[in-house]
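Structure, as structure tokens:
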Amino acid sequence: MDLGPTSPTKPSWKGKSRAVNQEFVDLNPTITYRHILSQNLGVKDPLRVVALCDSDAFYAACEMNRLQVPPDTPLVVLQWESLIAVNYPARKYGISRMDKKKDALKRCPHLKVVHVATYKEGEAEPGYWDDVDTNTHKVSLDYYRRESMKIAALFREMLPGCEVEKASIDEAFIDFTKPVRDILLERYPYLATVPADAPYGIDSPLPPPPPVDWEGKGTVVPVHPPPPPPDPKPSSKEEDSEREGETEPQSPGASTSTTPLPTLDTDLHGEEDDTTTWHDVALSIASELMFKARQEVLKQLNYSTSAGVARNKFLAKLAASYRKPDGQSILRNAAIPNYLIPMPFQKIRFLGGKLGKAFAEQYDVSTVGDLLTISLDEMQSKFGEESVWVYEILRGIDRSEVKDKGTTLTKSMLASKNLPKPITKASEGYHWIRVLAAELALRLNDARKLSPNLWPKTIVLHARKGYEPGRSKQAPFPFTKDVTVDFIAAAGGKLWKELVGNTSTMKVSSVQLAFTGIGVSEAGQQTIEGFFGSKPPSKRSRDDVKEHPGEARAQEGIDRPAEVSKEDVDNQMEDPQARSRSGTDELSYTCPRCQKTIRPNAASSTTVQTEEECETVLTGLRLEHDDWHFAQDLVREEATSSGKRIIPGQTTQGSKPKKRRKETKGIEKFFTRK
DNA sequence: GTGGATGAG
DNA sequence: CGCTCATCCAC
């Protein structure tokens, strides 16, 4: 019986994916004074405690809060015709995601159905509308993102000393190791000093831990789970549809193997299984903290959550699914083997996809236990060196750290729109670009509230025509303090021109606009801002425009609207600060399509004081200009349709009278101004 | 820099 | 399921 580490202070396997360290295979490591007195053991800390906390039916919960409906109201969140979230009251009616709205309503006639917020036409902000239409609206998850950040912020506030890593919009990992150690030393002060007679000095084992009272700390996953009920029906084909967490994890449809399940190589035998360890004490303390934090989230923000507490991220995540909703589960080291062994490994994070399938097919197995017989060498020879992590995961080992990625974790921001009916007109393309730009502007500026110098270094436009995989085009995105919709749309518009052009026969079925390479601008900000502090002089004459013959100024024969300034946009593009710098330029609009900068004529721009008025004027400018484009499109359309046969798909093309876009709201706003 | 692959929900 | 979002990496 080799009780692992005798020299825990010497990480013999530094870093790389070397042989699995005995230290980590051991589920019951000897914990010494050095362990509890050390500060930076990181993932090697035998007292490490991690939790995963996720919000129950998050989108649905968000909507319930927003709409202030009673907690027991069955509610689903809709995205077009699909359900993307179903709250627990609604699940009682057998409603699941993937159901259609109609089916859901059939199951529960009084179901509350909420469609996600969408950007409508040119609205600057998403909203909840009655007339959602995938052809004219774009989904916005912004509200959920904000709520998600509130929760994360509350966790950080409630759990000082913890690392909090937002793992997704509704999940966060929390590393409790540090505060737990502090509390441990506080509650058991005798741990703080190595006894004079300790045989190995600071490397001596700690005295036996006190018993742990798990009451009120959550559900403790049993070390010896009750045996699975006798197989009622051999047809294991029956998928557990949408039970979600209701199923007993310890009996997941019986392993396919007929031979006795392999067991983990542990030192736990018989009665010793339930012996309390110091790690158990640590788990219980973390559970207390987690509980309080969750209570606070419920109290302050009214979000119900479920949490898992275990020795690492991977296990915490698994444990969290043990009881839902509003559950908290604790996975003791001693319970790991029997919890893991019957687990279908394809449920494990990162094994849910192609890789997991490869494993399943390679060995014709389905559970973690089945895979335990595969040696590391075997695994690596078939799946590469990298598969060590799989080998370890199967044994409850996960070295990944919980790191607070603060706010700058997000490396990219993408707004996309799939078009059920492919668009065929340039104006539509620019319209969507503007919508996507609005979303990006909102999100970037939002992120900047927390990290002012956030800077997406490149902007990418992706468009897919009909079938083809789709192509993308990118360009550097200059740092600007003031990131406006216009600015992004102008950049996007330019990319569009390069990517799609103005061909009237295009059929674009998806448009994506993204920021990538998001980071913090260090000295960059000052440099640029300072550099352009004095008015940018170089304004090109209109003649310079001709310098770029390649640019698809295709239908250029058409006259320009009077309002369009003579200024060249390339100027704008090369010197993005121009707009935000020069005072009067505040009142200008750059068309993403023709790349012209438009300003109100002197008469109308006289006294614009507030920011709102400014917006109003700009909106007016934009609409007016868009209308001009609209007219041009009409002309062009007639030209093409008269000369050429129309493609079948484009039925509405020539026949239907074109509907003039109207934004009464925006226009009204514009004209009701004094 | 482009574009594909993968994966989570 | 269909859609949206994010990351990574080969070329």
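Chain A is the first sequence line, chain B the second, and so forth, proteins listed ahead of strands; every chain is numbered from 1. What you see below is based on every heavy atom in this structure, not just the backbone, and it leaves out hydrogens, waters and symmetry mates. Just so it is clear, the structure is predicted and the values come from calculations on it, not from any experiment.
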Quick check on [N]: is either OP1 or OP2 less than 4.0 Å from any side-chain nitrogen or oxygen of [X]?
X: A:S416; N: C:dC5; result: yes
X: A:S82; N: C:dC3; result: no
X: A:N418; N: C:dT4; result: yes

Can you tell me the distance, in whole Å, between the [atom1] atom of [X] and the [atom2] atom of [N]?
X: A:D103; N: C:dG2; atom1: CG; atom2: P; result: 14 Å
X: A:L436; N: C:dC3; atom1: CG; atom2: P; result: 15 Å
X: A:K457; N: B:dG1; atom1: NZ; atom2: P; result: 13 Å
X: A:R464; N: B:dT2; atom1: CZ; atom2: P; result: 19 Å
X: A:N135; N: C:dG2; atom1: CG; atom2: P; result: 17 Å
X: A:Y119; N: C:dC3; atom1: OH; atom2: C1'; result: 16 Å
X: A:L78; N: C:dT4; atom1: CG; atom2: C1'; result: 15 Å
X: A:Y144; N: C:dC5; atom1: OH; atom2: P; result: 12 Å

**Request:** For A:Q512, answer base if it contacts any base atom (sugar-phosphate contacts may also be present), sugar-phosphate if it contacts only those atoms, and nothing otherwise; contact means non-hydrogen atoms under 4.0 Å.
**Result:**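 No contact at all - A:Q512 keeps every heavy atom at 4.0 Å or more from the nucleic acid.
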**Request:** Select base, sugar-phosphate, or nothing to describe what A:K138 touches, counting heavy atoms under 4.0 Å on all strands.
**Result:**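 It contacts sugar-phosphate atoms only.
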**Asked** Of the nucleotides C:dC5, C:dT7, C:dC3, which one has an atom closest to the side chain of A:K411?
**Response**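 The answer is C:dT7, which lies nearest to the side chain.
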**Request:** Using a strict 4.0 Å threshold on nitrogen-to-oxygen distance, state whether A:K449 and A:D446 make a salt bridge.
**Result:**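 Looking at A:D446 together with A:K449, the answer is yes, because their closest N to O distance falls below 4.0 Å.
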What residues form a ring-ring contact (aromatic ring centres under 6.0 Å, His included) with [X], not counting sequence neighbours?
X: A:Y144; value: A:Y59
X: A:F383; value: A:F359
X: A:F314; value: none
X: A:F345; value: none

**Request:** Under the side-chain contact (heavy atoms from CB on, under 4.5 Å) rule, collect the residues that match up with A:A320, sequence neighbours excluded.
**Result:**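 Partners of A:A320 under the side-chain contact (heavy atoms from CB on, under 4.5 Å) test: A:L52, A:D54.
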**Item:** Option among A:E171, A:R294, A:K324 that satisfies the side chain to side chain donor-acceptor pair (under 3.5 Å) test with A:T305
**Value:**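 With A:T305 as partner, A:E171, A:R294, A:K324 yield a single side chain to side chain donor-acceptor pair (under 3.5 Å), made by A:R294.
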**Under 4.0 Å protein heavy-atom contact, by nucleotide of nucleotides 3-9 of chain B - B base, S sugar-phosphate only** = SS-SSSS
